**Student:** 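Got a structure for you, questions after.
The structure displayed is predicted, hence computed values, not measured ones.
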Amino acid sequence: MDKFKFEKLIIWQRAMDFGETIDGFANSFPEKEKFNLSSQIRRAADSIALNISEGSIGQTNLEQKKFLGYAIRSLAEVVTCLYKSEKRNYITKPKFNQLYEEAYQLMNMLIAFRKNVK
């Protein structure tokens, strides 16, 4: 389909997948977190792809860089939520390590992509 510019971006595709992974993980949180940490990590993870797409549509390169910065901040928020999840024993160490590594790879991609926007 790929009618929008951002749909072709590997980084957007990865961010979309990461958001779905985080959403599935957040389903395992206790009920008391439904409107707290669970909601926060989902919104932050979804915000990554949302900002990539928003920055790529009809914006100047400066605007695109700004929105990529927002995506990077959202990813940092997800990582902090992962740490909170670990401290509250909502996540196993292997699962934390897996999600952390995915986040780290996505962060590197975002930073590299932003550097290449002229």
Side-chain angles (χ1 to χ4, degrees):
M1 199 172 285
D2 294 350
K3 294 189 183 206
F4 291 94
K5 177 181 163 184
F6 62 83
E7 292 174 286
K8 295 177 181 84
L9 297 174
I10 300 294
I11 196 163
W12 177 80
Q13 295 167 12
R14 290 280 301 270
M16 288 289 290
D17 291 343
F18 185 68
E20 296 311 303
T21 299
I22 292 297
D23 181 68
F25 160 65
N27 284 334
S28 68
F29 285 18
E31 185 64 27
K32 72 177 186 165
E33 293 289 4
K34 185 175 182 182
F35 299 108
N36 294 315
L37 192 58
S38 175
S39 174
Q40 189 71 29
I41 197 170
R42 282 184 168 107
R43 284 183 286 115
D46 286 346
S47 185
I48 300 164
L50 290 167
N51 279 301
I52 293 167
S53 62
E54 189 172 354
S56 74
I57 298 294
Q59 305 289 337
T60 64
N61 286 350
L62 188 60
E63 280 287 296
Q64 186 173 20
K65 280 186 162 190
K66 181 174 83 171
F67 280 97
L68 288 168
Y70 296 153
I72 289 167
R73 289 181 181 118
S74 293
L75 183 52
E77 189 176 339
V78 170
V79 171
T80 300
C81 288
L82 289 173
Y83 274 107
K84 287 285 189 183
S85 301
E86 183 182 39
K87 288 187 175 298
R88 295 175 188 177
N89 296 311
Y90 302 157
I91 189 171
T92 64
K93 190 63 174 171
K95 185 68 173 176
F96 173 89
N97 290 340
Q98 175 209 334
L99 294 174
Y100 183 91
E101 185 58 34
E102 285 182 46
Y104 183 73
Q105 289 174 13
L106 187 54
M107 180 69 76
N108 286 335
M109 290 175 70
L110 281 164
I111 291 168
F113 186 74
R114 185 173 65 170
K115 281 182 184 173
N116 285 324
V117 174
K118 303 292 181 220

**Student:** Identify, with sequence neighbours excluded, every residue that meets ring pair (Phe, Tyr, Trp, His ring centres under 6.0 Å) alongside F67.
**Tutor:** Y70
**Student:** Check whether any side-chain N or O of N61 sits under 3.5 Å from a backbone N or O of K118 as a donor-acceptor pair, and report yes or no.
**Tutor:** yes
**Student:** Kindly write out the residues that satisfy salt bridge (Lys or Arg N to Asp or Glu O under 4.0 Å) with K93, not counting sequence neighbours, or none if the list is empty.
**Tutor:** E86
**Student:** Apply salt bridge (Lys or Arg N to Asp or Glu O under 4.0 Å) to K66 and list each qualifying residue two or more places apart in sequence or on a separate chain.
**Tutor:** E63
**Student:** Residues in salt bridge (Lys or Arg N to Asp or Glu O under 4.0 Å) with D23, at least two apart?
**Tutor:** R42
**Student:** Identify the heavy atoms of W12 and A49 that sit nearest to each other, and give their distance.
**Tutor:** CD1-O, 3.5 Å
**Student:** Would you check if Y90 and P30 make a side-chain contact, meaning some heavy-atom pair closer than 4.5 Å?
**Tutor:** yes
**Student:** For Y100, is the OH atom crowded, meaning more than 12 foreign heavy atoms sit under 6.0 Å from it?
**Tutor:** no
**Student:** Considering residues at least two apart in sequence or located in another chain, which fulfil the side-chain hydrogen bond (donor to acceptor under 3.5 Å, both in side chains) criterion with T80?
**Tutor:** none
**Student:** Do R73 and N51 have side chains that approach each other closer than 4.5 Å (heavy atoms only, starting at C-beta)?
**Tutor:** no
**Student:** Are F18 and Q105 side-chain neighbours, meaning at least one heavy-atom pair lies under 4.5 Å?
**Tutor:** no
**Student:** For a 4.5 angstrom cut-off between non-hydrogen side-chain atoms, does K84 reach Q40?
**Tutor:** no
**Student:** With side-chain contact (heavy atoms from CB on, under 4.5 Å) as the criterion, how do D46 and I22 come out once you've worked through the C-alpha distance, each side chain's angles and the decisive distance to 0.1 Å?
**Tutor:** CA-CA 9 Å; D46 286 346; I22 292 297; over 6 Å; no
**Student:** Before giving the answer on side-chain contact (heavy atoms from CB on, under 4.5 Å), spell out for L68 and I52 the whole-Å C-alpha distance, their side-chain angles and the decisive distance to 0.1 Å.
**Tutor:** CA-CA 6 Å; L68 288 168; I52 293 167; 4.2 Å; yes
**Student:** Once rounded to the nearest 0.5 Å, what's the spacing between atom CG of L106 and atom CD1 of I11?
**Tutor:** 6.0 Å
**Student:** Under the ring pair (Phe, Tyr, Trp, His ring centres under 6.0 Å) test, which residues partner Y83, sequence neighbours left out?
**Tutor:** F96
**Student:** Which is it for S39 and K34 under the side-chain contact (heavy atoms from CB on, under 4.5 Å) test, yes or no, and what are the steps along the way?
**Tutor:** CA-CA 6 Å; S39 174; K34 185 175 182 182; over 6 Å; no
